Protein chains: 2
Amino acid sequence: MTTGARVLLDTAAAHGIDVCFANPGTTEMPIVEALDAVPAIRPVLGLFEGVCTGAADGFARIAGRPASTLLHLGPGFANGIANLHNARRAHSPVLNVVGDHASWHLAYDAPLTSDIHSLARPVSGWVATCAAADRLAADTAAAIHATSTFPRLPATLVVPLDHQQATVPARVPAPGPVPTRPRVGGDVVEECAKALRAARTTVLLLGDDALTERGQRAAAAILAATGATAFSETFPAVAERGGGLPDVDRLPYFPEVAQKALAEADLVLLVGAREPVSYFGYAGIPALLAPPGSVRTLARPGEDGAGALADLAEALGAPPARAATVDPITAPQSGELTPQTVGAVLAAHLPDGAIVSVEGGTCGYPFFTASARAARHTTITNTGGAIGQGLPVAVGAAIAAPGRRVIALQSDGSAQYTIQALWTMAREQLPITVLVAANQRYGVLQAELGRIGAPLDGPATRSLTALTEPSIGFVELATGYGVPAVRAASVPDLTAELGRALAAGGPALIEMAL
Amino acid sequence: MTTGARVLLDTAAAHGIDVCFANPGTTEMPIVEALDAVPAIRPVLGLFEGVCTGAADGFARIAGRPASTLLHLGPGFANGIANLHNARRAHSPVLNVVGDHASWHLAYDAPLTSDIHSLARPVSGWVATCAAADRLAADTAAAIHATSTFPRLPATLVVPLDHQQATVPARVPAPGPVPTRPRVGGDVVEECAKALRAARTTVLLLGDDALTERGQRAAAAILAATGATAFSETFPAVAERGGGLPDVDRLPYFPEVAQKALAEADLVLLVGAREPVSYFGYAGIPALLAPPGSVRTLARPGEDGAGALADLAEALGAPPARAATVDPITAPQSGELTPQTVGAVLAAHLPDGAIVSVEGGTCGYPFFTASARAARHTTITNTGGAIGQGLPVAVGAAIAAPGRRVIALQSDGSAQYTIQALWTMAREQLPITVLVAANQRYGVLQAELGRIGAPLDGPATRSLTALTEPSIGFVELATGYGVPAVRAASVPDLTAELGRALAAGGPALIEMAL
């Protein structure tokens, strides 16, 4: 016999969970205590729950399997919702374990009582409250199975305090086979091949596992054989880039530009991507970005898109494409920091095998433009638009891939939502280099105000979109959280500091004055 | 004719809203633009939504009326849920305005789309999505009326982008009478008077408006006439203290101690407070803390508890009690900082009319013990247990009460959840003195681990409850956010720095090494 908390952790460990991003409270203390007896699961503390859920998302994107979070009742879970929203959009597997009041205590509506299911459903593919202590092992296994099954979504298991403390049999269900991506049927591949042969102008829109190396190689073969072009979805969960992979640009963000990019296509073939829609609805601009009637699906998100691309290449008789020849990047040597020079400096100095978490448009797009010719690296972007994901996913990525360098290319406004992630970087001594684009404004909001013709100089407009008076001192914030930090104001500055930061064993932050 | 955004703001202003705690995004830009045309509403930017919702809660507690928040779709709202949970438990009126996708765009499930109602219901007494632009004025008025009606709860109005932009009649509904607290019936007062006369040992449990000066004066008369004793609820939303008011202690937090405090009572009379329940459920300890059969209600939260106390005093023939004689506090002059010396130093130097936001047990309880004899002040506590409310409510309190000094007595762990509040203090130059009790641990969790007999020295337990490696530099964090900050390590240090900080016009932070 053992405790409910212990059997929960033993089951999680047996089913492949080896990290727990935690911000526990009183109702999770038995699980915290039990973690000391289950060394297979590494506890990682976040000072704020959004750090934990974002880290679990980043871990899943890089490791390809779930981590767990440990969160405190409804309010603690609520603080993690924004990054779970991004995880849901990324189809990331995440096991959320949420403590709750003892089951017999719920009826008294104590201060921390709330409707956890109502909070969890919008961001979870599976939600349940453990109904009895002797169901904890089975419920844990079911939650992990649910979140691991394609198309993967976070799963949330609510565990009352008394069940964690109860004495239960030490019986751990045997893990079944790890779920795999459903294969795309040969008939679908054949029909797509036929459509592609018939089409005048084809655009492949790649997402999910079509952006792995295997997927991109197969896509490159199709492009070379057919003259089709390709985009990646605008905000891919994870994408391989550089090092001789084809230069697959992202579909542009603003709908007019995206529509223009697709305007000539009579076939837009979706591979792991959804039909492209305008990020926001603008009066007079259609929501659907591809020409009417042009859209066809080879693989849905969660299906074996890379395999389907390989099958499609074969059906088309397309020979493997050569690796793109890579002109070395000429890094700028002098001048001011601009989004373009920042993108170019980072692309030129990117270590081989780096993981780049990109949040924020300021430097994100210029970096993408520059980095197709960089060393091989993996990019992670904000899939759901809930800002404050860049730093936490970097934490999770670093823990998922020891030995790989992680770079967080981060806008200043969005960094603030989960700034506490810096502390976890310091605590775990993660090899993360944070580059903050400190342009001291919500740039995207000022752009949107421009789109609706609003002046930017009204007192309210200015007050709500400028990050000045006072400006935010990221160097001081990083120092407060134990992360070494400097400011860079020019290209030579940034180049030198980036070199130092990339050589360091632990985290470092560079505030870039733009 | 005008825009939907404008008529929303004009209606809000006409119905008494004069502050908007905002963290807007693209779907709120028309409202941001319209704020420039409605100077009656002051926009206050928070770098994180929990700052906005907590500030609205603090504003409501001090001003007694709602402020608005402006939040960005589901994920932005989600970041504000934890402090709305506290606002709900405080019965604070709050008008949440949440932008959403254009109504015709929702069907496309763009990345930021989510189920906002499911997120909002657990923390709102009223939730609606505006169904048509010409209903915006009426919906805004209805939301304000709903949140202003006792017992007050936050109201959440979701406003699609197209309705904000639409052209609508510039017609603002006339405000009705401001809702008032329902009076308690004479029969209830009579029955309570009878029960009190018959009881051997009576405890009054005061909450809500029973903790106003008027309520406490009436309670003091009843205590003096009957020999009853009184507690305040453990976590009052707002309470007047000091300056000759009776020394009403809070009902203790841990259930064994609270039960002992009530054990002798054959009558526990609730006035604006709910029946006391254990904060968490502990095996073997009953959830209900008052002796069985002892509980009777004079006034429910939201009813006119202060009036009911006055009526009860009259029914009992109790003459007005004299103001308690106040022995001046002797402040310690030397020694280490401990929770006791911190509480005593602050109580001794508290400016008349100060507002004290207390979050965290470390110094909170000792301050309460010391401050009954302090100058007259108002305390605010964490009503719902969602931590990260202390700094935001201080922001809202300062904006609600210009000219009053605000002090945030804040534990270090809980400060981290909404640390971005410091920036808003600097931006608005609010007269807030932040005292951080830097004991570098989640003290309450270590206490709870002790209660379940868990050792504190296991690697996981230690890692998840100690805020060390690295320790958090609050001075550096405050500096990064533009708030002047110092460390204090002894009683003379703290005394000198507190004097300087209280004399300053704007915010200041003192990190107290405990």
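Note that the structure is predicted; figures quoted are calculated from it, not measured. Residue numbers start from 1 in every chain, and the chains themselves are labelled A, B, ... in the order their sequence lines are given, proteins ahead of strands.
Contact of B:Ser103 with chain A is not made at all, since no heavy-atom distance falls under 4.5 Å. With a 4.5 angstrom heavy-atom cutoff, A:Ile31 does not touch chain B via any of its atoms. Residue A:Ser278 touches chain B through both its backbone and its side chain, counting heavy-atom pairs closer than 4.5 Å. In this structure, chain B has no heavy atom under 4.5 Å from any part of A:Phe77. Heavy atoms closer than 4.5 Å to chain B are found in the side chain of A:Asn23, but not in its backbone. Proximity to chain A (any heavy atom under 4.5 Å) is shown, for B:Phe474, by neither the backbone nor the side chain. Residue contact with chain A, scored on non-hydrogen atoms closer than 4.5 Å, involves the side chain of B:Leu161 exclusively. Residue B:Asn382: no heavy atom, backbone or side chain, is found under 4.5 Å from chain A. For A:Arg427, the parts lying near chain B are the backbone and the side chain together; criterion is any non-hydrogen pair under 4.5 Å. Using a 4.5 Å cut-off between heavy atoms, B:Glu28 does not touch chain A at all. Heavy atoms of B:Arg89 lying under 4.5 Å from chain A belong exclusively to its side chain. Neither the backbone nor the side chain of B:Leu422 comes within less than 4.5 Å of any heavy atom in chain A. In this structure, the portion of B:Val44 lying under 4.5 Å from any heavy atom of chain A is its backbone and not its side chain. Heavy-atom distances place the side chain of B:Ala102, and not its backbone, under 4.5 Å from chain A. Contact of B:Arg274 with chain A is made through the side chain alone, with heavy-atom distances under 4.5 Å. Contact annotation for A:Arg451: neither backbone nor side-chain heavy atoms come within less than 4.5 Å of a heavy atom of chain B.
Using a 3.5 Å distance cut-off with no hydrogens or angles, the side chains of A:Tyr481 and B:Gln416 do pair a donor with an acceptor. A donor atom on one side chain and an acceptor atom on the other are found under 3.5 Å apart for A:His72 and A:Thr27. For the residue pair A:Tyr282/B:Gln165, the side-chain donor-acceptor check at 3.5 Å is not satisfied.
Two residues are said to be in side-chain contact when any heavy atoms from C-beta on lie closer than 4.5 Å; B:Pro507 and B:Gln429 meet this criterion. Using a 4.5 Å heavy-atom threshold, the side chains of A:Pro255 and A:Leu289 count as touching. Side-chain contact check for A:Pro75 versus A:Leu73: some heavy-atom pair is nearer than 4.5 Å. The shortest distance between side-chain heavy atoms of B:Phe21 and B:Thr53 does not fall below 4.5 Å. The shortest distance between side-chain heavy atoms of A:Arg88 and A:Ser124 does not fall below 4.5 Å. A:Phe280 has its side chain within reach of A:Glu448: a pair of non-hydrogen atoms, C-beta onward, lies under 4.5 Å apart. Looking at B:Leu467 and A:Leu47, their side chains come closer than 4.5 Å, going by heavy atoms from C-beta outward.
Interface remark: of the candidates A:Leu35, A:Leu106, A:Ile472, A:Ile472 forms the most heavy-atom pairs closer than 4.5 Å to chain B. Contact tally against chain B (heavy-atom pairs below 4.5 Å) for A:Glu469, A:His105, A:Arg121, A:Glu275: the top residue is A:His105. Between chain B and the residues A:Val277, A:Leu464, A:Thr468, A:Thr479, the largest count of heavy-atom pairs under 4.5 Å involves A:Leu464.
The residues A:Arg487 and A:Glu511 are annotated as salt-bridged, a charged nitrogen and a carboxylate oxygen being separated by less than 4.0 angstrom.
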